[in-house]
Amino acid sequence: MENVLDIMRARGLFDDCTNPDVGEKLAEPGVVYAGFDPSSNSLQAGNFVTIMALAHFQRCGHKVIALAGGATGMIGDPSGKTSERTLLTQEQVAANTEGIRENLSRFLDFDHPTVPAVIVNNNDWLGEFSFLDFLRDIGKHFRMGAMLGRESVRARLASESGMSFTEFSYALLQAYDFLHLHDTAGCRFQIGGSDQWGNITAGIDLVRKLRGEEVYGITIPLVCDSAGQKFGKSEGNAVYLDARKTSPYDFYQFFFRTTDADVARFLKIFTFLSLDAIAELEAGLKESPEQRAAQRKLAEEVTRAVHGDAGLNVALRASEVLFGGSIEGLSATDLAGIFADVPSAELPRAEVAGATVIDVATAAGLCQSKGAARRLVQSGGLYLNNVRVPDVEATVNPEDLVDDAVAVLRSGKKNFHLVKVAG
RNA sequence: GGCGGGGUACUCAAGUGGACAACGAGGAGAGACUGUAAAUCUCUUGGCUAUGCCUUCGAAGGUUCGAAUCCUUCCCCCGCCA
């Protein structure tokens, strides 16, 4: 059995561990868990790192548990956050938890012959815990000194916004999760982002105090791009793993646009390609960077993993056409197929034919306001059917509608919007 | 509960009766250069029927020819004390 820790180290998935012996312990098959926060109804690209780590564990013969934080999501993890977060309603959390289950179910192997993955929801055990029982049974084992010393708490207390008791208590809940999974599933390892260190060690301490047993934590580095930005944001928007929130096309494009400096690192983290294959791609990148072969491979692998072959094909075809230049010679049906994935809007004929491009771009939702559309045209950044719109007076003419039904609007280099004429 | 500090646009943060749609920075969008990269430079960044009009500075009232700025009440946050 290959040691998962070596793999994590080699691929840049290892940040720290709570005990130097953890490598030895992982030589035997074990049970590992990682938690996912349901603050949104879909996991984001950032969570993908943790998912990959879990997948490596499973491949190395460990049983993996993905925990959806239905209960902890009600509270809000203060780790790594500079201000108190807005509480979600029970309904929101329940809906989000469901979405996350759905996401996760596509990345982990639940039908594995020997070590099938499982998903649990901590609301199942934390939800029925009474406050008094929790304070007596769990709270008793946490010392104020240690809790106040926790980095996430210290930072927040020193900050302007302070911290509520609710968020302060968060670590106890996550600590109890570890205890519960230890008791019920024999779980002895927890992995999580480096911001989870405090929460993980809280769990380890709790298990040691109550059960006298040693459990372990491994943290994964927070993935940043070379500019130091937290990974997973595209034009200010988070990149989601759910096709309904981030289309396969946008998802593909996000990875395709990876900077040279990051590509090799990302290949190691986000794909299962062998290190040799990655080294080869890296060499190719040095030789002819304009080919973007490494980026292409990265985008391809990740998109296939997340959206399947069908999603990848749509993304590839759309990318080819969109970055190939002219849309001439394509039929409305072709365009609809290619843009199946790109934001589109259906507008009444009267609002399109003869209207100014500015009005159409705003009505279609490409621009937030007419003023924004006007500024876009003035700076030369708005395109109709891949042809730059010359001035603010320009109109959409009937002959601009492909097959009398469809027009393609674009803002800048890469934001496409399809306009369909209704009726 | 008492005392003090604070709430300005996506964020941080100036502005303490008119020249304020509100300095500056970051972020974001666009352009140029490129390789759908990075770096750099430039422009833009409340809305509109647009040399003007409308709506914004925690909320609601009030004073004034005129309020982000002054007054009143309320809400929220931070700190110290109880």
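Computed over heavy atoms, backbone and side chain alike; hydrogens, waters and symmetry mates excluded. Just so we're on the same page: letters track the sequence lines, and every chain starts at 1. This structure is a prediction, so every number in the text was calculated from the model and none was measured.
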Tell me whether the OP1 or OP2 atom of [N] has a side-chain N or O from [X] closer than 4.0 Å.
X      : N     : result
A:S379 : B:C43 : no
A:S369 : B:C48 : yes
A:Y383 : B:G31 : yes

Integer-rounded Å distance: [N] [atom2] and [X] [atom1]:
X      : N     : atom1 : atom2 : result
A:K413 : B:A38 : NZ    : C1'   : 13 Å
A:E167 : B:C78 : CD    : P     : 11 Å
A:Q368 : B:G29 : CD    : P     : 12 Å
A:I358 : B:A50 : CD1   : P     : 12 Å
A:L281 : B:A37 : CG    : P     : 19 Å
A:L376 : B:U44 : CG    : C1'   : 10 Å
A:R156 : B:C77 : CZ    : C1'   : 13 Å
A:K414 : B:A28 : NZ    : P     : 11 Å

Minimum-distance nucleotide (side-chain atoms of [X] versus [options]):
X      : options             : answer
A:E290 : B:G31, B:C48, B:G35 : B:G35
A:N415 : B:G47, B:G29, B:G31 : B:G29
A:R257 : B:A37, B:U34, B:U36 : B:U36
A:S411 : B:A30, B:G35, B:A32 : B:A30
A:F323 : B:U36, B:A37, B:U49 : B:U36
A:R374 : B:G47, B:A50, B:G35 : B:A50

Go nucleotide by nucleotide along RNA chain B from the 5' end; which of A:L285 and A:L382 gets its closest nucleotide reached first? A:L382
Need to verify one output field. Residue with the more 5' nearest nucleotide on RNA chain B, A:D260 or A:A372? A:D260
Please measure how far the [atom1] atom in [N] lies from the corresponding atom in [M], and state the result in whole Å.
N     : M     : atom1 : result
B:C33 : B:A37 : P     : 13 Å
B:C77 : B:A32 : P     : 49 Å
B:C81 : B:A19 : P     : 44 Å
B:A14 : B:G6  : P     : 11 Å
B:C71 : B:G18 : P     : 15 Å
B:U63 : B:U73 : C1'   : 15 Å
B:G7  : B:A68 : C1'   : 12 Å
B:A67 : B:C53 : P     : 16 Å

Who pairs with [N] - Watson-Crick or G-U, where each distance is under 3.5 Å:
N     : answer
B:U45 : B:G27
B:G18 : B:C65
B:G79 : B:C3
B:U40 : B:A32
B:C74 : B:G58

Is the number of heavy atoms from other residues, nucleotides or ligands under 6.0 Å of A:K420 NZ greater than 12? no
If you count the non-hydrogen atoms of other residues, nucleotides and ligands that lie under 6.0 Å from CD in A:E399, is the total more than 12? yes
Looking at every strand, decide which applies to A:Q378 at a 4.0 Å heavy-atom threshold: base, sugar-phosphate, or nothing. nothing
Heavy atoms under 4.0 Å, any strand shown: does A:Q253 hit a base, just sugar-phosphate, or nothing? base
Kindly indicate whether the side chain of A:R375 and the base of B:U44 share any N or O donor-acceptor pair separated by less than 3.5 Å? no
Mark yes or no for a side-chain to base donor-acceptor pair under 3.5 Å between A:K370 and B:U49, with no hydrogen or angle criteria applied. no
Applying ring pair (Phe, Tyr, Trp, His ring centres under 6.0 Å) to A:F57 and A:F189, what does each step give before you reach the verdict? CA-CA 11 Å; A:F57 269 86; A:F189 303 94; 7.1 Å; no
Under the 3.5 angstrom rule, does the side chain of A:N199 hit a backbone N or O of A:Q174 as a donor-acceptor pair? no
State whether the side chain of A:R296 and the backbone N or O of A:Q291 hold a donor-acceptor pair below 3.5 Å, judged by distance alone. yes
Only one of A:T258, A:T259, A:I278 passes side chain to side chain contact (heavy atoms under 4.5 Å, CB included) with A:F266, and that residue is A:T258
Contact between A:D404 and A:L401 at the side-chain level, heavy atoms closer than 4.5 Å - yes or no? yes
Separation between NZ of A:K268 and CG of A:L273, rounded to the nearest 0.5 Å: 12.0 Å
